[in-house]
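Each chain gets a letter, A, B and so on, in the order its sequence line appears, and its residues count up from 1.
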Amino acid sequence: MSEPPRYRPEVIEPKWQELWAREHTWEVSNDAQAGDEKSYVLEMLPYPSGEPHIGHLKNYALGDAIAHFHRRTGRRVLHPMGYDAFGLPAENNAIKTGVHPREATERSIASYRHWFHRWGISIDWSRELATDQPSYYRWTQWIFLKLFERGLAYRKQAAVKWCPTDQTVLANEQVIDGHCERCGSKVELRQLEQWFFRITDYADRLLDDLDQIEWPEHVKTMQRNWIGRSYGAEVIFRCEELGIDYPVFTTRPDTLCGATFFVMAPEHPDVFRLAAGTEYEREVHEYVNAVATESSEQRGDLEKPKTGVPLGRSVTNPINGERIPMFVADYVLMEYGTGAIMAVPAHDQRDFEFAQAFGLPIRPVVAPQSGEAPEDQAFLPHSENERLINSGQFSGMNAAEGTDAIIEWLDREGRGHASVSYKLRDWLVSRQRYWGCPIPIVYCEGCGMVPLPEDALPVELPEVNDYQPKGRSPLATAEDWVNTRCPKCGGRARRETDTMDTFVDSSWYFLRYCDARNDEAAWDPAVLRRWMPVDQYIGGVEHAILHLMYARFFVKALADMELLDVQEPFAALFTQGMILGPDGNKMSSSKGNVIMPNPIVERSGADAARTYILFLGPADQDAAWSDEGVGGVHRFLARLYRLGEELSGQQGPAEQPPAAQGPDEALVRKANWAIDKVTSDLADRFAFNTAIAAIMELVNEIYRHADASPAARRFATATAASLVFPFAPHLGAEVYELLTGRRVWEEVWPAADPAMLQADTFELVLQVNGKVRGRVRAPTGASREELERLALEAHGVQAQLDGRQVVKVVVVPDKLVNVVLQ
RNA sequence: GCCCGGGUAGGCAAACUGGCAAAGCCAGCGCGCUUAAAACGCGCUGCUCGCAAGAGCACUGCGGGUUCGAGUCCCGCCCCGGGUACCA
């Protein structure tokens, strides 16, 4: 007795994986062919640590579905893979275990590579890269030198965020709520000389060009807020006693006459000098020191009452010559604006609180049209019809006119000008850590700071024995490496021992994929023209600010150097939601709710795991994992497989049979409906879950129509296999081959037959006063009059009429009729 | 506080443009196949009446509104998740 055919992914999947590997099916060349359209589909490259987790499976299953869909709709698809291989976890592991970060990283990369194959992701492996390879970071260093040449990479002494656990500085973007993004330690401030990239030069372009790209609105909003552009004016206040000018930035120049005091940040370099010799000198020192020990959380607490100390000095308001007292207070931040503010308590909540605490005058200068100064909510945002009061020659102007007039006056008097301020800070890129890209700079005793010439690249990471960070880079211990010759004068020089932030490595990898094996240059600009920009980028929303902003900055800077000619790296972005644990919480080992993908792949197959993860819910939303659900998708794939097996024994074509009737017609219609549905779900809206549901419906329909002709069933089954291919490529290929003998990935994506999408009749919905009271079949395309007649005749409607007056009949052609009574 | 998401059967979800609320999957129940179970196939699964065809009612976090018609639009609120925060 022979076993009935059974769906066996463990047999089918390796079979196709081997074929794709043997034939290099997913590799594309850089040679353009006439009339072929390119598509660059890219998922964010993984950081290789341990083995891939469930989020990776979702990310790459999603990207792969898009890559396959693009290929089969006539585009030449670049779909590469690489590894973001430098970084702290491997280094921290090295400190703990003594295993070289390279070794741990390579082991992990091998695991990722294995699983990407095992999952059947259609990757062009000929372009594989890892950012820790000298053949890659050589060009990271080259880009650093290019930025240095243009003055976009520079060193400066600054108060920087320091992570005491990781013993390294952090970029602003890597500090979350005052804590290290990586390890969660409280971040400290330190005065250090560090390397920066001048991303602030690009603030306007980074902001304005967001309008040109197809990104989710919330991601654009996050970037806009992070860049934080505000328009206003710089106003110069003069401290007469010391003869020093202090500029401030304000978004409300119209309230200038309402400034009743002046506040400096505790970090402002002039604070001690101002207080020197005044009665407040000691108190100021105590206050500033106390603030310095405050955590950023404590300081940022909005509930905390305002504190501060007078400086014993005054400044003059340029517009009315009024002398107002100076204070130092921790609610003013050194990092934004000029580190000093004019305080307008009548129109600013914080200044108001401070004025109340210190008994300072509050003078309204903007009032509603009616004229009277409002009582207490005067600091609320101003509206259209407000006018200036108590403002000398400017009184009576509306707020907008007043703003312009005051700026103009300041300009004329040389006491200020229109100005724009940003929250964005320059990107701090140096790290005092081992496992990163060395910075190609030396310090010569004679020449000072000297960039290495291009032919000295790569500067390879030296081997060290001790990775333990001690406040300086572990590279500093590699004496043989550190001591070198100056490329300019040949004299004694020392290498830069800091390494680069790993976000530098990942800010250009998508460029390298285009020309990954080029060892003459980072890339050939002609090849970049072929592939860039990335047509569809896919990744987690957690990179909305960091990676996605840095990469945009790199591309703009490189474009300015004429090294490439796009302005934006990622034309379209899709941010996938997280997979949560079965309990609905974020997966974490401490909660014990971590699901690993690979046992599932081994149990149910890669196709089931991939399809299920996309079927869980809308791909851009978070979704909780449930183990039972996989079984359902596995069953669906098995049902499709059994149809393929059963029908492969029957002869005949798998094309749409002509003039289908009865059950055949229903089946052919359903197949065409599914083609249409899956196509629009994939092309227009990344609705993988509903696309998969449509294929399930088609398969259910084939089972229900066992009475249909073999030709119709073969057609419907081959269609289902073709449509399921982007999600379950192995099964799709298998079933399609069983029925047609052909390779599904070489087939053009099916097109729905328009004649089979439109039926001759439809179900007309009958409503009375908006409530459904019946349904009748009506001919498609029937006139309004005819539909109205059908509705009024229907007994469901007649029953409601009951002698009541018909007020109105609303007809929606091919859909419904609503009869309005009384 | 501010800015985004989200709240629909027992669970996950669908309804894209204001037009039949709940497609599909899970779980549950029943039937068939089977000596039996699993697997597989078919059906049911908001409430009430009915053997049934069917009929009636309710319903998209809460309260209002606009509309012939609201899950969808507007106003006010509640809950959950994320981002951000003395940014002058």
From the list A/Tyr246, A/Phe262, A/Phe261, ring-ring contact (aromatic ring centres under 6.0 Å, His included) with A/Phe237 holds only for A/Phe262
Please find out if less than 6.0 Å separates the ring center of A/His634 from that of A/Tyr7. yes
Check whether any side-chain nitrogen or oxygen of A/Arg642 sits under 4.0 Å from OP1 or OP2 of B/rG41, and answer yes or no. yes
Side chain of A/Val772, heavy atoms from C-beta onward: which of B/rC4, B/rA21, B/rC87 has the nearest atom to it? B/rA21
Considering every strand shown, what is the Watson-Crick or G-U wobble mate of B/rG71 when both distances are under 3.5 Å? none
Basic-acidic side-chain contact under 4.0 Å: A/Arg713, A/Glu646: yes
Taking a pair to mean Watson-Crick or G-U wobble geometry with both distances below 3.5 Å, B/rG5 pairs with B/rC80
Where along residues 681-691 of chain A does a heavy atom come under 4.0 Å from RNA chain B, residue by residue in number order? A/Arg685, A/Asn689, A/Thr690
Scanning all shown strands, the Watson-Crick or wobble mate of B/rG30 with both distances under 3.5 Å is B/rC42
Between A/Arg639 and B/rG41, is there a contact of a side-chain N or O with OP1 or OP2 at under 4.0 Å? yes
Please find out if less than 6.0 Å separates the ring center of A/Phe358 from that of A/Phe327. yes
Within less than 4.0 Å of OP1 or OP2 of B/rC25, is there a side-chain N or O belonging to A/Asn700? yes
Base, sugar-phosphate, or nothing: which does A/Thr221 touch, judged by heavy atoms less than 4.0 Å apart? sugar-phosphate
Using the ring centroid of each side chain, check whether A/Phe354 and A/Tyr331 are separated by less than 6.0 Å. yes
So does A/Lys808 get a side-chain nitrogen or oxygen closer than 4.0 Å to the phosphate oxygens (OP1/OP2) of B/rC68? yes
Return the pairing partner of B/rG50 with a 3.5 Å limit on both distances, Watson-Crick or G-U wobble; otherwise return none. none
So what does A/Tyr422 hit on the nucleic acid, given a heavy-atom distance under 4.0 Å: a base, only sugar-phosphate, or nothing? nothing
Watson-Crick/G-U partner (both atom distances under 3.5 Å) of B/rA36: none
Can a donor-acceptor pair under 3.5 Å be found between the side-chain atoms of A/Lys306 and the base atoms of B/rC86? yes
Between A/Lys771 and B/rA58, is there a side-chain N or O to OP1/OP2 distance below 4.0 Å? yes
Taking all non-hydrogen atoms of both residues into account, name the closest pair between A/Leu616 and A/Ala624 and its distance. CD2-O, 3.6 Å
Compare the minimum distances between each of B/rC20, B/rC25, B/rC87 and the side chain of A/Arg350, then state the nucleotide with the smallest one. B/rC87
Before giving the answer on salt bridge (Lys or Arg N to Asp or Glu O under 4.0 Å), spell out for A/Arg415 and A/Asp245 the whole-Å C-alpha distance, their side-chain angles and the decisive distance to 0.1 Å. CA-CA 10 Å; A/Arg415 304 308 293 167; A/Asp245 281 341; 3.4 Å; yes
Applying the 3.5 Å cut-off to both distances, the Watson-Crick or G-U partner of B/rC59 turns out to be none
Both distances below 3.5 Å, Watson-Crick or wobble geometry, any strand: find the nucleotide opposite B/rA15. none
If you compare every side-chain N and O of A/Ser230 against the phosphate oxygens of B/rA88 (OP1, OP2), does one of them come in below 4.0 Å? yes
Counting side-chain heavy atoms from CB outward, which of B/rA88, B/rC26, B/rC25 is closest to A/Met696? B/rC25
